[in-house]
J.: 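My structure is below; once you've seen it, I'll send some questions.
None of these values were measured; they are calculated from a predicted model. Count residues from 1 along the sequence.
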Amino acid sequence: MKPVRLPASATIALPRWGLIALCLLYILPGLIARDPWKNLDAASFGIEWTMAHGQLNDWLWPHISNLSMPEEGPLAFWLGAICIRLFGWLIGDPLAARIASIGFFAIGSLSVWHTTYLLGRRSEAQPLRLAFGGQPEPKDYGRTLADGALLIYLGCLGLFYSVHAASPKALQVSLVAYAMYAAARLFDSSSRKAALKLGLALGLLVLARGWVVPAALLASLIGLAAISAKSRLPRLLLLSLPAALAVACAWLAALYLVQPFDSSPLQAWLSWNIDQIDWPTWESIKYLLKYGIWFAWPAWPFAGWAVYAWRKQYKALHIALPLTFFNVLIVLCLVNPNSEFGILMPLLPPLAALAAFGLPTMKRGAINAVDWFSVMTLTMLAFGIWMYWISLQTGWPLPAQKVLKLLPGFKPEFRPFAFAIALSATVGWIFLVHWRISRRPSVLWRAVVLSSGGGILCWLLLMTLWLPALNYAKSYANVAAEIAQKLPADRPCVDSDAGADQLASFAYFGHINFSQFAASNCQYLLLQENGRNKEAAKRVSNAEDQWQLIWEGRRPNDRDEHFRLFKRVR
């Protein structure tokens with residue numbers, strides 16, 4: 001027997017303007033007035049900037065100056081570079097590149113919504129018919145579930161940081177969501193168009209971040225079709241697979257024909273893909289347990305409950321399809337020896353879709369527990385963000401001293417427009433909490449509206465009140481300006497061993513002309529030293545009579561990283 005029994009009053013959908021407003025409040029903060037940041041998007045922006053201002057070779061071989069970076073694939077960088085070419089002259093290159101991020105986010109959000117809507121309309125997902133009528137219509141039920149899935153997706157803590165960068169990780173999670181939608185459409189209708197869309201999504205995934213994830217997803221869908229829908233196998237094998245290969249091979253064929261820089265990044269790309277697969281280790285299990293719990297909050301409790309509640313109907317498509325995606329991706333996380341947030345991000349779309357089907361079956365006590373946890377945790381976090389910001393503005397001793405100790409040299413500034421936005425969002429949060437507590441609505445999405453709303457509030461506060469401090473902490477703009485002042489105005493060649501984030505930031509902010517791929521006989525040398533690269537200066541120490549130190553420095557808040565600029569004297 002189905003575990004769902006609902007009246008029509010529980011399926012009142014969110015107003016479209018409300019969902020659109022939430023999505024805009026989610027994606028826009030963090031895009032505007034932000035420098036490229038270390039460990040977020042500085043490296044990606046550097047590749048996109050190089051492509052946008054380079055030649056065909058630069059588009060085919062992702063790189064930053066003398067650092068080759070073809071490992072993940074070129075697609076996200078192509079899209080960011082196109083946006084720079086189109087809009088960079090008007091709004092600046094960093095913001096122009098992030099227009100692609102808005103597109104990535106829109107694809108992912110719409111795909112999660114439409115996947116859940118499509119699965120929620122199916123007969124096996126419908127609630128039991130009530131004795132005297134009054135049960136929801138299939139379209140109303142599907143739309144309400146889709147609203148809940150989107151709210152869960154927006155509320156996932158792991159999505160906030162990386163989705164605001166035009167990076168392969170942000171594109172990959174959106175394409176996984178779109179592949180799930182295309183698969184749902186294919187299994188629901190067996191249309192050729194859906195099969196081709198699925199192949200397109202899988203092929204683009206190869207170009208976005210390697211072939212491991214799309215190959216595993218296609219294999220799992222073939223297995224699902226062989227078990228429960230054999231009539232879909234010809235579509236997968238004869239349409240989806242060839243379409244995916246055709247899209248993926250386009251870049252590989254271009255590399256073979258053009259041979260950028262008289263070579264090819266194909267071997268490095270293949271090696272990076274192979275390195276994503278290994279035997280599961282205790283370290284990978286610990287990483288998944290340690291970070292996956294908060295990364296996928298609040299999706300995983302609802303998704304887990306959905307699997308339990310629908311355990312007798314586990315072969316139904318609305319459970320089997322997202323669960324298949326999730327199971328394959330969780331296995332890839334366990335066999336991936338590289339512990340990074342990027343391997344967890346593809347889990348979020350299937351978790352959000354699966355979690356939506358847990359909403360109608362959860363007990364009121366469990367829903368209230370999630371609500372109160374969200375209210376208490378996120379309200380306290382927002383209060384802390386406000387308190388520390390007010391302390392910086394007023395000089396209130398203790399919190400301000402802690403912040404300024406972490407950011408030596410930072411000078412707080414009051415920005416009226418950012419303050420007005422932050423204050424308006426906080427007032428809106430108070431009204432949302434009051435509405436949820438006082439009205440106690442029976443709609444399905446009530447269980448997740450506070451989790452997503454509170455998460456968006458905290459992100460918005462950070463990206464308005466604290467953006468100058470975060471720029472100061474995570475940007476290399478000031479260091480790049482110092483280095484540029486020590487170089488002649490004619491932009492001489494500079495050789496460097498710096499990392500991707502540093503090269504990209506110095507090239508953009510300081511207009512420094514770094515040597516290309518092969519090390520050249522440059523008159524200047526920039527070395528980066530840190531805790532993992534303490535022997536970087538050996539190259540100079542072995543030839544001290546050839547180099548003269550003309551500058552050294554670092555970011556004020558980073559005591560581990562140090563830069564030295566040398567000039568060749570003979």
J.: For Ala97 versus Ala166, what's the shortest heavy-atom pair and its separation?
T.: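 Heavy atoms of Ala97 and Ala166 come nearest at O-CB, 3.4 Å.
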J.: Who passes side chain to side chain contact (heavy atoms under 4.5 Å, CB included) against Ala165, sequence neighbours left out?
T.: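 Counting only residues at least two positions away or on another chain, Ala165 forms a side chain to side chain contact (heavy atoms under 4.5 Å, CB included) with Leu40, Asp41, Ser167.
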J.: Under the criterion side chain to side chain contact (heavy atoms under 4.5 Å, CB included), I'd like the reasoning laid out for Trp372 against Ile437: C-alpha separation, chi angles, the key distance, then a yes or no.
T.: CA-CA 10 Å; Trp372 279 110; Ile437 294 175; 4.0 Å; yes
J.: Contact between Met51 and Ile47 at the side-chain level, heavy atoms closer than 4.5 Å - yes or no?
T.: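 Yes; the side chains approach each other to less than 4.5 Å.
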J.: At what distance, to the nearest 0.5 angstrom, does CD1 of Ile84 lie from CG of Leu95?
T.: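 Here the interatomic distance stands at 10.5 Å.
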J.: What residue pairs, at least two apart or across chains, pass ring pair (Phe, Tyr, Trp, His ring centres under 6.0 Å) with a residue in residues 343-367?
T.: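 Only His318-Phe357 qualify under ring pair (Phe, Tyr, Trp, His ring centres under 6.0 Å).
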J.: Counting N and O atoms only, with roles assigned by atom type, does the side chain of Thr116 sit under 3.5 Å from a partner on the main chain of Ala146, one being a donor and the other an acceptor?
T.: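 Answer holds: no.
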J.: Would you find a donor on one side and an acceptor on the other, under 3.5 Å apart, between the side chain of Glu71 and the backbone of Arg209?
T.: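 Looks like no, no N/O pair under 3.5 Å.
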J.: Are the side chains of Gln172 and Glu72 in touch, meaning some heavy atoms are under 4.5 Å apart?
T.: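 Of all side-chain heavy-atom pairs linking Glu72 with Gln172, none is under 4.5 Å.
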J.: Where the side chain of Ser452 meets the backbone of Val449, is there a donor-acceptor pair that is under 3.5 Å apart?
T.: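 Yes.
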J.: Answer whether the closest heavy-atom distance between the side chains of Ser111 and Met180 falls below 4.5 Å.
T.: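 The answer is no; the side chains never approach within 4.5 Å.
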J.: Using side chain to side chain contact (heavy atoms under 4.5 Å, CB included), reason through Leu150 and Cys23 one step at a time and then give a plain yes or no.
T.: CA-CA 9 Å; Leu150 181 56; Cys23 290; 4.3 Å; yes
J.: Please confirm whether the ring centroid of His164 lies under 6.0 Å from the ring centroid of Phe104.
T.: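 Between Phe104 and His164, which both carry aromatic rings, the centre distance is not below 6.0 Å.
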J.: Scan residues 292-308 for pairs that pass side chain to side chain donor-acceptor pair (under 3.5 Å), counting only residues two or more places apart or in two chains.
T.: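 Pairs touching residues 292-308 that pass the test: Trp305-Thr361.
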J.: Just wondering, more than 12 heavy atoms not from Glu137 lying within 6.0 Å of its CD?
T.: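 12 or below, so no.
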J.: If the condition is side chain to side chain contact (heavy atoms under 4.5 Å, CB included), which residues does Lys290 pass it with, not counting sequence neighbours?
T.: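 In terms of side chain to side chain contact (heavy atoms under 4.5 Å, CB included), with neighbours along the sequence ignored, Lys290 is linked to no residue.
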J.: Fit a plane to each ring of His114 and Tyr117, take the angle between them on a 0 to 90° scale, and name the class: parallel (under 30°), tilted (30 to 60°) or perpendicular (over 60°).
T.: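 The arrangement is perpendicular - the two ring planes meet at more than 60°.
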J.: Which heavy-atom pair separates Met345 from Val173 by the least distance, and what is that distance?
T.: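 So the two residues come closest at O-CG2, 3.2 Å.
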J.: Less than 3.5 Å apart, which donor and acceptor atoms pair up between the side chains of residues 186-195 and the rest of the protein, not counting sequence neighbours?
T.:
{"residue": "Asp188", "atom": "OD1", "partner": "Arg122", "partner atom": "NH1", "Å": "2.6"}
{"residue": "Ser189", "atom": "OG", "partner": "Arg185", "partner atom": "O", "Å": "2.8"}
{"residue": "Ser191", "atom": "OG", "partner": "Ala194", "partner atom": "N", "Å": "3.1"}

J.: Between CD1 of Ile330 and CZ of Phe325, what distance do you get to the nearest 0.5 Å?
T.: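 These two atoms lie 15.0 Å from each other.
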J.: Indicate yes or no: at least one non-hydrogen side-chain atom of Leu221 is less than 4.5 angstrom from one of Leu198.
T.: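 Yes - at least one pair of side-chain heavy atoms lies under 4.5 Å apart.
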J.: Starting at NZ of Lys230, measure out to OG of Ser228 and round the result to the nearest 0.5 Å.
T.: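 Going from the NZ atom of Lys230 to the OG atom of Ser228 covers 8.5 Å.
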J.: I need the minimum non-hydrogen distance between Val163 and Ile27, along with the two atoms involved.
T.: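 Smallest heavy-atom distance, with atoms named: O-CD1, 4.0 Å.
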J.: Would a distance-only check, ignoring hydrogens and angles, find a side-chain to backbone donor-acceptor pair under 3.5 Å from Asp278 to Pro337?
T.: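 Looks like no, no N/O pair under 3.5 Å.
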J.: After noting the C-alpha distance and the side-chain angles of Trp459 and Tyr26, does the key distance pass the side chain to side chain contact (heavy atoms under 4.5 Å, CB included) rule?
T.: CA-CA 8 Å; Trp459 176 256; Tyr26 186 100; over 6 Å; no
J.: Does Thr115 reach the main-chain N or O of Val112 with its side chain, forming a donor-acceptor pair under 3.5 Å?
T.: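 Here the side-chain-to-backbone pair does not exist.
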J.: Does Thr426 form a side chain to side chain contact (heavy atoms under 4.5 Å, CB included) with Leu461? I'd like the steps, not just the answer.
T.: CA-CA 8 Å; Thr426 304; Leu461 293 179; 3.8 Å; yes
J.: With distance as the sole test, does Tyr287 use its side chain to make a donor-acceptor pair with the main-chain N or O of Phe341 at under 3.5 Å?
T.: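 Yes: the side chain of Tyr287 pairs with the backbone of Phe341.
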J.: Taking the side chain as every heavy atom from C-beta outward, state whether Ile319 and Gln313 have any pair of such atoms under 4.5 Å apart.
T.: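 Side-chain contact under 4.5 Å: no.
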J.: Which atom pair, heavy atoms only, marks the closest approach of Pro298 to Ser451?
T.: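 Looking at all heavy atoms of both residues, the shortest contact is CG-CB, 3.8 Å.
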J.: With a 4.5 Å cut-off on side-chain heavy atoms, are Leu241 and Leu236 touching?
T.: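 They are not in contact (no side-chain heavy atoms under 4.5 Å apart), so the answer is no.
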J.: Mind listing the side-chain donor-acceptor pairs of residues 377-385 below 3.5 Å, one per line with the distance, residues two or more places apart or on another chain?
T.:
{"residue": "Thr377", "atom": "OG1", "partner": "Phe373", "partner atom": "O", "Å": "2.8"}
{"residue": "Thr379", "atom": "OG1", "partner": "Val375", "partner atom": "O", "Å": "2.5"}
{"residue": "Thr379", "atom": "OG1", "partner": "Trp429", "partner atom": "NE1", "Å": "3.2"}

J.: Considering all heavy atoms of both residues, which atom of Ala52 and which atom of Ala81 are nearest to each other, and what is their separation?
T.: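 Heavy atoms only, the tightest pair is CB-O, 3.7 Å.
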J.: What distance do Leu14 atom CG and Asp147 atom CG have between them, rounded to the nearest 0.5 Å?
T.: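 Reported value, rounded in 0.5 Å steps: 5.0 Å.
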J.: Does Phe105 offer a backbone N or O that forms a donor-acceptor pair with the side chain of Ser109 under 3.5 Å?
T.: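 Here the side-chain-to-backbone pair exists.
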J.: Looking only at heavy atoms, what is the nearest atom pair of Ala125 and Gly120, with distance?
T.: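 Nearest pair, atom of Ala125 first, then Gly120: CB-O, 4.1 Å.
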J.: Counting C-beta onward and ignoring hydrogens, is there a side-chain heavy-atom pair between Val307 and Tyr314 closer than 4.5 Å?
T.: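 They are not in side-chain contact.
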J.: Atom CG of Leu344 and atom CG of Leu348: how far apart are they, to the nearest 0.5 Å?
T.: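 That separation rounds to 8.0 Å.
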J.: Considering only heavy atoms from C-beta outward, does the side chain of Leu205 approach that of Trp211 to under 4.5 Å?
T.: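 No - every pair of side-chain heavy atoms lies 4.5 Å or more apart.
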J.: To the closest 0.5 Å, what do you measure between CG (Leu28) and CG (Leu460)?
T.: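 Taking CG in Leu28 and CG in Leu460, the distance rounds to 9.5 Å.
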